[in-house]
Participant: 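Attaching a single structure in structure tokens format; questions to follow.
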Amino acid sequence: MFEGKNAIVTGAARGIGQAIALDLAAKGAQIVICDLREEWLEETAAAIKQAGRKVTCKELDVTDHGATQSMFQEIASESGSIDILVNNAGITRDGLLMRMSEADWDAVLAVNLKGVFNCTKAVTRTMMKQRAGAIVNIASIIGITGNAGQANYSASKAGVIAFTKSVAKEFASRNIRINAVAPGFITSKMTDSLSEDVRESMLDAIPLKRFGNPEHVASVVSFLASDQAAYITGEVINISGGMVM
Ligand code: NAP
């Protein structure tokens with residue numbers, strides 16, 4: 001599916017980002033994986049190498065505009081192309097608005113929304129020259145429905161959805177496709193910290209009556225990044241077990 005293609009995945013040390021990197025690699029892509037600390041990427045890199053694919057690890061904070069621009073330029077000149085970008089890095093700092101600090105608001109918006117802006121801007125010049133490229137942003141159903149205690153997170157993910165649609169319109173004429181996925185409850189470190197009560201009540205709200213796993217998200221991301229989705233841009237696909245229809 002991705003033979004000869006170069007892909008970048010942010011926040012790939014674990015969870016959904018790790019599964020996306022592994023799926024793209026298993027389908028033939030050469031991968032650059034990024035996270036806050038290079039050493040955290042060792043597990044993902046080892047699994048990709050085991051699958052017989054080339055992988056490069058990069059230490060990158062997606063909130064750093066300058067570092068993102070120069071690193072992605074370096075990747076483009078080293079690898080010759082950037083065909084796929086997956087904007088996966090994301091954080092939560094949950095709390096009711098009355099108790100939410102400015103720092104928690106700023107941190108979530110900086111990683112989840114500005115990070116997507118930084119990385120997208122950093123690849124578009126290369127993709128424009130190529131007259132081809134696919135970007136997949138990891139949003140959330142919370143960006144569609146909202147959620148008490150997640151005003152910062154929901155605002156960031158709603159922003160990612162609107163950003164995806166706007167940028168899809170800007171770059172469609174250059175054959176650059178930009179789509180998003182909106183996962184529901186996916187088991188990962190981000191969701192492991194939730195109490196049993198919260199997990200039970202969420203399960204009640206999922207028509208398929210089970211939580212998703214990172215591989216469920218990865219397969220849809222690979223589809224959107226592939227030529228199988230050649231006529232899809234500006235789309236948001238929910239991966240929520242029917243939680244949002
Ligand atoms: P995760 O296990 O916390 O993984 C996120 C990765 O991103 C971590 O390795 C994290 O590093 C890294 N990261 C955080 N800030 C970064 C930064 N500034 N620059 C680069 N990397 C950074 O989360 P996940 O559950 O796999 O979530 C992945 C994406 O899916 C996120 O965008 C999340 O919002 C979205 N999502 C998740 C769910 C779910 O149910 N899990 C549902 C909907 C959407 P640290 O170890 O330092 O945090």
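Every number for a ligand or one of its atoms is a count from 1 in the order of the listing. Counting from 1, the numbers follow the sequence of the chain as shown.
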Participant: Check each atom of ligand 1 against the heavy atoms of Leu60 and keep those under 4.0 Å away; list them by number with element.
Facilitator: 19 (N), 20 (C)
Participant: May I ask you to check if ligand 1 and Asp61 share an N or O to N or O distance below 3.5 Å?
Facilitator: yes
Participant: With respect to atom 37 (C) of ligand 1, which of Ile16, Ile186, Val9 exhibits the smallest heavy-atom separation?
Facilitator: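 Among Ile16, Ile186, Val9, the closest heavy atom to atom 37 (C) of ligand 1 comes from Ile16.
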Participant: Would Thr10 count as a contact of ligand 1 if the rule is a heavy atom under 4.0 Å away?
Facilitator: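 The answer is no: ligand 1 sits nowhere under 4.0 Å from a heavy atom of Thr10.
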Participant: Taking a cutoff of less than 4.0 Å between a non-hydrogen atom of the residue and any ligand atom, is Ala139 in contact with ligand 1?
Facilitator: yes
Participant: Counting each atom of ligand 1 from 1 as listed, which ones have a heavy atom of Ala13 under 4.0 Å away?
Facilitator: 9 (O)
Participant: Which atoms from ligand 1 have a heavy atom of Ala89 less than 4.0 Å away?
Facilitator: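 Close to Ala89: 7 (O), 20 (C), 21 (N), 22 (C), 32 (O).
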Participant: Quick check for you: to the nearest 0.5 Å, what is the distance between Thr145 atom OG1 and Ile142 atom CD1?
Facilitator: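 These two atoms lie 4.0 Å from each other.
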Participant: Test salt bridge (Lys or Arg N to Asp or Glu O under 4.0 Å) on Glu200 and Lys209 and set out the steps.
Facilitator: CA-CA 10 Å; Glu200 280 305 314; Lys209 295 291 167 225; over 6 Å; no
Participant: Provide, to 0.1 Å, the distance between atom 8 (C) of ligand 1 and the closest protein heavy atom, together with that atom's residue and name.
Facilitator: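 Minimum-distance protein heavy atom for atom 8 (C) of ligand 1 reads Asp35 OD2, 3.7 Å.
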Participant: Which atoms of ligand 1 are found less than 4.0 Å from any heavy atom of Ser140?
Facilitator: 43 (C), 44 (C)
Participant: Against ligand 1, does Gly212 come closer than 4.0 Å with any heavy atom?
Facilitator: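 Outside the 4.0 Å threshold, so no.
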Participant: Is there any N or O on Val111 that sits under 3.5 Å from an N or O of ligand 1?
Facilitator: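 It does not: no N or O of Val111 is found under 3.5 Å from an N or O of ligand 1.
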Participant: Are Asn112 and Ser156 close enough that a side-chain donor and a side-chain acceptor fall under 3.5 Å?
Facilitator: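 On atom types as modelled, these side chains qualify, holding a pair under 3.5 Å.
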Participant: Judging by distance only, is a nitrogen or oxygen of Asn88 under 3.5 angstrom from one on ligand 1?
Facilitator: yes
Participant: Provide the number and element of each atom of ligand 1 under 4.0 Å from a heavy atom of Ile91.
Facilitator: 14 (C), 15 (N)
Participant: Give me the nearest non-hydrogen protein atom to atom 25 (O) of ligand 1 as residue plus atom name, then the distance to 0.1 Å.
Facilitator: Ser188 OG, 2.6 Å
Participant: Under 4.0 Å from a heavy atom of Tyr153: which atoms of ligand 1 are those, numbered in the order shown and with their elements?
Facilitator: 33 (C), 34 (O), 35 (C), 36 (N), 43 (C), 44 (C)
Participant: In this structure, does ligand 1 have an atom that sits under 4.0 Å from one of the heavy atoms of Phe211?
Facilitator: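 Heavy atoms of Phe211 never come under 4.0 Å of ligand 1.
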Participant: Any side-chain hydrogen bond (donor to acceptor under 3.5 Å, both in side chains) involving residues 177-187? Give me the pairs, sequence neighbours left out, ordered by first then second residue.
Facilitator: none
Participant: Which of the numbered atoms in ligand 1 are under 4.0 angstrom from any heavy atom belonging to Gly15?
Facilitator: 26 (O)
Participant: Hey, does Gln18 sit under 4.0 Å from ligand 1 if you only count heavy atoms?
Facilitator: no
Participant: With heavy-atom distances below 4.5 Å as the criterion, would you say the side chains of Lys129 and Thr126 are in contact?
Facilitator: no
Participant: Name the orientation class of the two ring planes belonging to Phe117 and Phe163 (parallel below 30°, tilted from 30 to 60°, perpendicular beyond 60°).
Facilitator: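 The arrangement is perpendicular - the two ring planes meet at more than 60°.
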